[in-house]
Structure formats: structure tokens, C-alpha cells
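Inspection log for the structure reproduced underneath, given as C-alpha cells.
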Amino acid sequence: MTSDIWTLFGQFGPLGLVIGYLVWRETHADERRAAVERERTESDRALAAALSALTVTIQHLEQRIGR
């Protein structure tokens, strides 16, 4: 938040500053949550690729043992 916004909230006294803090906290939490979701998406993709590779490897081993 810019200093202009804090000044605006500050004009309403302590209650305005508390409201400003709550607004800042929610926007900051949303940014953090979005970053965590992006990281989780990437890790889920990597896990899916690894499981696919493991499945293919096991299937090839079963074919070789079965012969």
C-alpha cells in the first residue's frame, strides 16, 4: 500500500489504521496463497510425470519377466 492510502486511513484515527492494516493483510495473504498454489501445481505436475514413468517401467519389467 502506498503512503497516500495510509494517510487516508489515518485521517479516520486508530479505527482507520486498523482497517488499513486488515486490508493490507488480506491482499498480502492473497499474494502468498497464489504463490503457494503455483508451486503446488508445479510439484503436482512433476509427481504425475514421475508416476507415469514408474508405471511404464513396471509394465516393461512385467513383459520381460513374463517371457
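Predicted model, so just to flag it, every value in this text is computed and none were measured. Only this structure's heavy atoms are used, side chains among them; waters, hydrogens and symmetry mates stay out.
Hydrophobic clustering of Ile, Leu, Val, Met, Phe, Trp and Tyr side chains at less than 4.5 Å, counting indirect connections, keeps Ile58 apart from Val56.
Chaining together hydrophobic side chains whose heavy atoms lie under 4.5 Å apart leaves Leu61 on its own.
Sorted by first and then second residue, the pairs that involve residues 39-53 and meet side chain to side chain donor-acceptor pair (under 3.5 Å), not counting sequence neighbours, are Glu42-Arg45.
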Result block: side-chain N/O donor-acceptor pairs under 3.5 angstrom for residues 28-37, not counting sequence neighbours:
residue : atom : partner : partner atom : Å
Asp30   : OD1  : Arg33   : NH1          : 2.8

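Partners of Leu47 under the side-chain contact (heavy atoms from CB on, under 4.5 Å) rule, at least two apart in sequence or in another chain, are Leu51.
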